[in-house]
Amino acid sequence: MVNQTVLQFTGLCKTFGATRALIDVSFDVQAGEIHGLVGRNGSGKSTLIKVLSGYHVPDPGSQLTLNGQRVNLPISGPEAAAQGLVFIHQDLGLVPAYSVLENVRLNSWQAKGLQRIDWKKERAGVEEELKRFNLRVQADTPVAALSQVDRAILAIVRAMHHLGNGSNNKVLVLDEPTAYLPTDSVERLFEAIRTVAQTGAGVIFVSHRTDEVLTITDRISVLRDGRLIDTVTTADTDEKALVSLILGRALSSLYPDRIKATSGERVLEVTGLNGELLRDFNLTVDRGEIVGITGLMGAGHGEVPYYIFGAQDAKSGSITLNGRELKIQKTTPAEAIAAGVALLPADRLNLSGSSTASVEDNVALPVFRRYFSRGRLQLAQVRDHVVGLLTTFDVRPAIPSYEFSALSGGNQQKALLAKWLQLGPNLLLLHEPTQGVDVGSKAEIFLRISEAALAGTAVLIASAEYEDLANLCTRVLVFDSGRVIGEISGDELTEAKILDLCYRGARRQGAPGMVFQWRPYRVRFILRGTEPEFAKTPTRGATSRIFRWQPHRVGYLETDKGGASTSRSGAHGSTKGGFRWQPHRVGYLETDKGGASTSRSGAHGSTRGGFRWQPHRVGYLDGA
């Protein structure tokens with residue numbers, strides 16, 4: 001690591017009214033260093049990043065130095081970029097409808113003024129940058145077609161492009177880049193981050209996940225209640241010590257005692273359920289039981305809560321709640337709530353709560369009808385009720401009039417959990433309940449889930465947090481390609497066992513139904529002369545009946561000597577180890593004028609014109 005300071009805050013303070021969000025924080029980043037920034041929700045991390053990006057104006061006396069040069073605050077985005085400071089936030093800031101090439105080159109085309117863009121040159125330059133970060137996608141691929149992890153890596157590619165050649169004395173700020181990534185994709189992102197640091201750039205890595213911070217960083221700074229508590233060397237720190245610094249106390253246990261599995265009253269029974277990815281899914285959940293469902297990204301487990309709640313229509317099957325069959329199509333969430341079902345979706349601000357409404361309105365929404373008297377809503381009673389819930393669930397600040405989006409992620413989740421648990425539901429459905437939540441809030445959320453189960457609520461958790469499922473659930477079902485391939489319970493219910501089953505699937509046990517074979521897909525073109533001419537059809541949206549068949553490979557699992565599995569993309573390439581099929585996309589080109597459409601393979605291929613993506617699958621042989 002180069003001992004050269006590329007960024008330094010001195011005496012950083014920020015006050016909002018009577019609240020001191022940052023108090024005399026001094027913080028520095030070295031060239032070639034990955035510096036972690038951690039703390040509970042509300043500790044000041046987001047405020048520090050927003051001051052650094054120019055969104056907030058700090059209090060007088062705060063100083064920022066970049067590459068030895070004093071910088072006046074606030075600093076604008078263009079000024080920050082000119083100084084070698086670039087940001088990647090949780091939403092990544094990509095334009096899904098634009099191609100990879102357009103996202104990387106936006107506002108930085110090599111052509112100037114009225115010059116024509118040299119697309120061939122631009123495409124070659126972008127593909128060279130993609131190759132540098134081992135991102136195996138074509139420059140013309142729409143960003144909407146990329147996986148979550150590929151989008152995150154693309155955001156890094158774009159950031160490094162805007163920093164220019166030679167990254168010495170540059171700083172990349174990553175604000176919760178893994179918050180919405182499945183566990184199995186994180187290592188690919190880490191490889192890209194290490195590539196950035198190897199160029200000599202400093203990296204600030206903000207995350208709630210202590211295991212990730214300990215894996216990727218060189219040093220870690222801990223904020224608590226707006227103050228810098230300590231900066232530690234990662235190699236000399238373990239997770240227990242880091243959690244103690246974050247909380248200000250030792251955490252005896254992140255998880256409550258696991259509830260013992262006992263046969264009881266049947267609450268939920270799902271039989272033969274089929275959906276977009278889901279295939280022949282069967283499930284029973286008894287009163288007081290906590291059941292987990294999991295798998296790798298796209299395995300299908302994430303669909304289940306929404307089918308049960310009526311937020312999405314399943315294709316076939318049956319769902320029975322407390323002996324009463326629910327319609328699998330055209331059942332509304334209101335009907336599910338009336339039947340005693342509660343759902344906490346993964347997308348807090350768009351699907352679970354209203355970001356612009358107050359905390360009071362979000363929490364009290366399901367029970368407003370209880371507080372009407374003679375046709376009038378008793379607002380004082382509603383507020384007293386909400387204050388009591390916020391206090392019980394440790395939501396900070398416990399201010400009902402606060403705008404919901406102003407709460408930190410962990411406090412939003414606790415408020416939403418209070419919203420549903422106040423109903424005493426028969427069935428609680430949770431989708432990624434601790435996504436983007438700090439360790440202290442996690443412990444509180446786990447406790448509330450456990451208490452709900454002990455009170456008789458049946459709980460179903462769909463999550464990719466394998467450690468959480470192993471420590472909280474009575475049993476866990478593992479999915480692959482839309483099907484349950486294994487169930488783990490009792491003493492075998494460990495994080496390692498879940499991981500092993502997720503990555504290797506039933507193939508490791510020689511189970512039927514997972515014997516893999518090559519399958520062709522259709523490349524729609526006509527060979528004329530030496531160059532292919534793409535098959536045209538007379539009507540828009542029609543498909544050519546002239547096909548050339550070719551095999552296609554997507555993804556594989558590679559097992560190292562220690563037995564661990566890693567998932568990699570092997571599209572159009574050779575494979576090693578045990579091969580695993582994964583969903584991918586193809587599509588066709590269509591033109592608005594003239595009525596003709598052009599069909600071609602879009603899997604990892606260059607495109608021109610308007611490209612419509614369509615999912616298809618290459619799969620496995622169902623057999624013994």
Less than 4.5 Å apart, side chain to side chain, heavy atoms only: is that true for [X] and [Y]?
| X | Y | value |
| --- | --- | --- |
| Ser463 | Leu430 | no |
| Leu189 | Leu174 | no |
| Gln422 | His385 | yes |
| Val186 | Thr215 | no |
| Pro433 | Phe446 | no |
| Val51 | Phe9 | yes |
| Ile229 | Leu223 | no |
| Lys497 | Val478 | no |

Can you see which heavy atom on [X] is nearest to which on [Y], and at what distance?
| X | Y | answer |
| --- | --- | --- |
| Glu33 | Asp28 | OE1-O, 4.5 Å |
| Leu12 | Pro58 | CD1-CB, 3.8 Å |
| Leu501 | Gly486 | CD2-CA, 3.7 Å |
| Ala364 | Val386 | CB-CG2, 3.9 Å |

Side chain to side chain donor-acceptor pair (under 3.5 Å) evaluation trace for Thr434 with Glu465: CA-CA 8 Å; Thr434 57; Glu465 299 290 344; 5.1 Å; no

Ring geometry between Tyr306 and His431 (parallel below 30°, tilted from 30 to 60°, perpendicular above 60°): perpendicular

Mutual orientation of the aromatic rings belonging to Trp420 and Phe309 [parallel < 30°, tilted 30-60°, perpendicular > 60°]: perpendicular

Test item: side-chain donor near acceptor, His35 and Gln30, under 3.5 Å: no

Residues Ser354 and Asp361: side-chain donor-acceptor under 3.5 angstrom: no

Residues Asp150, Arg188: salt bridge by 4.0 Å N-O rule: yes

Tell me if the [atom1] atom of [X] is crowded by more than 12 foreign heavy atoms within 6.0 Å.
| X | atom1 | value |
| --- | --- | --- |
| Tyr55 | OH | no |
| Asp225 | CG | no |
| Glu492 | CD | no |
| Arg383 | CZ | yes |
| Tyr402 | OH | no |

Knowing that exactly one of [options] qualifies, which makes a side chain to side chain contact (heavy atoms under 4.5 Å, CB included) with [X]?
| X | options | result |
| --- | --- | --- |
| His301 | Leu477, Leu296, Ile293, Asp480 | Ile293 |
| Ile290 | Leu469, Ile461, Val476 | Ile461 |
| Arg40 | Val222, Asn411, Asp438 | Asp438 |
| Leu48 | Val173, Val25, Ile204, Val206 | Val25 |

Give a yes or no on whether the backbone of [Y] and the side-chain of [X] come within a donor-acceptor separation of less than 3.5 Å.
| X | Y | result |
| --- | --- | --- |
| Ser53 | Lys50 | yes |
| Arg258 | Ala470 | yes |
| Lys419 | Leu365 | no |
| Glu444 | Asp394 | no |
| Thr234 | Asp218 | yes |
| Asp230 | Val232 | no |
| Gln412 | Leu407 | yes |
| Ser221 | Leu37 | no |

Salt bridge (charged side-chain N to carboxylate O under 4.0 Å, His left out) partners of Arg266, counting only residues at least two apart: Asp286

Qualifying residues under side chain to side chain contact (heavy atoms under 4.5 Å, CB included), relative to [X], sequence neighbours excluded:
| X | result |
| --- | --- |
| Leu447 | Glu451 |
| Asp211 | Arg209, Glu239 |
| Ile23 | Arg20, Arg227 |

If you measure from [atom1] on [X] to [atom2] on [Y], what distance do you get to the nearest 0.5 Å?
| X | Y | atom1 | atom2 | value |
| --- | --- | --- | --- | --- |
| Thr284 | Glu289 | OG1 | CD | 6.5 Å |
| Glu191 | Leu135 | CD | CG | 11.5 Å |
| Arg279 | Arg483 | CZ | CZ | 7.0 Å |
| Leu389 | Leu421 | CG | CG | 9.5 Å |

Results of ring-ring contact (aromatic ring centres under 6.0 Å, His included) for Phe16 - residues two or more places apart only: His56

Set of ring-ring contact (aromatic ring centres under 6.0 Å, His included) partners for Phe133, sequence neighbours left out: none

Intermediate values then yes/no, side chain to side chain contact (heavy atoms under 4.5 Å, CB included), Leu460 and Ile308: CA-CA 10 Å; Leu460 180 65; Ile308 296 172; 3.9 Å; yes

Leu423 and Val367: CA distance, side-chain angles, deciding distance, side chain to side chain contact (heavy atoms under 4.5 Å, CB included) verdict: CA-CA 8 Å; Leu423 299 177; Val367 296; 3.6 Å; yes

Stepwise side chain to side chain contact (heavy atoms under 4.5 Å, CB included) test for Leu344 and Gln413: CA-CA 9 Å; Leu344 190 55; Gln413 196 72 333; 3.8 Å; yes

Intermediate values then yes/no, side chain to side chain contact (heavy atoms under 4.5 Å, CB included), Phe404 and Leu416: CA-CA 10 Å; Phe404 185 72; Leu416 292 170; 3.7 Å; yes

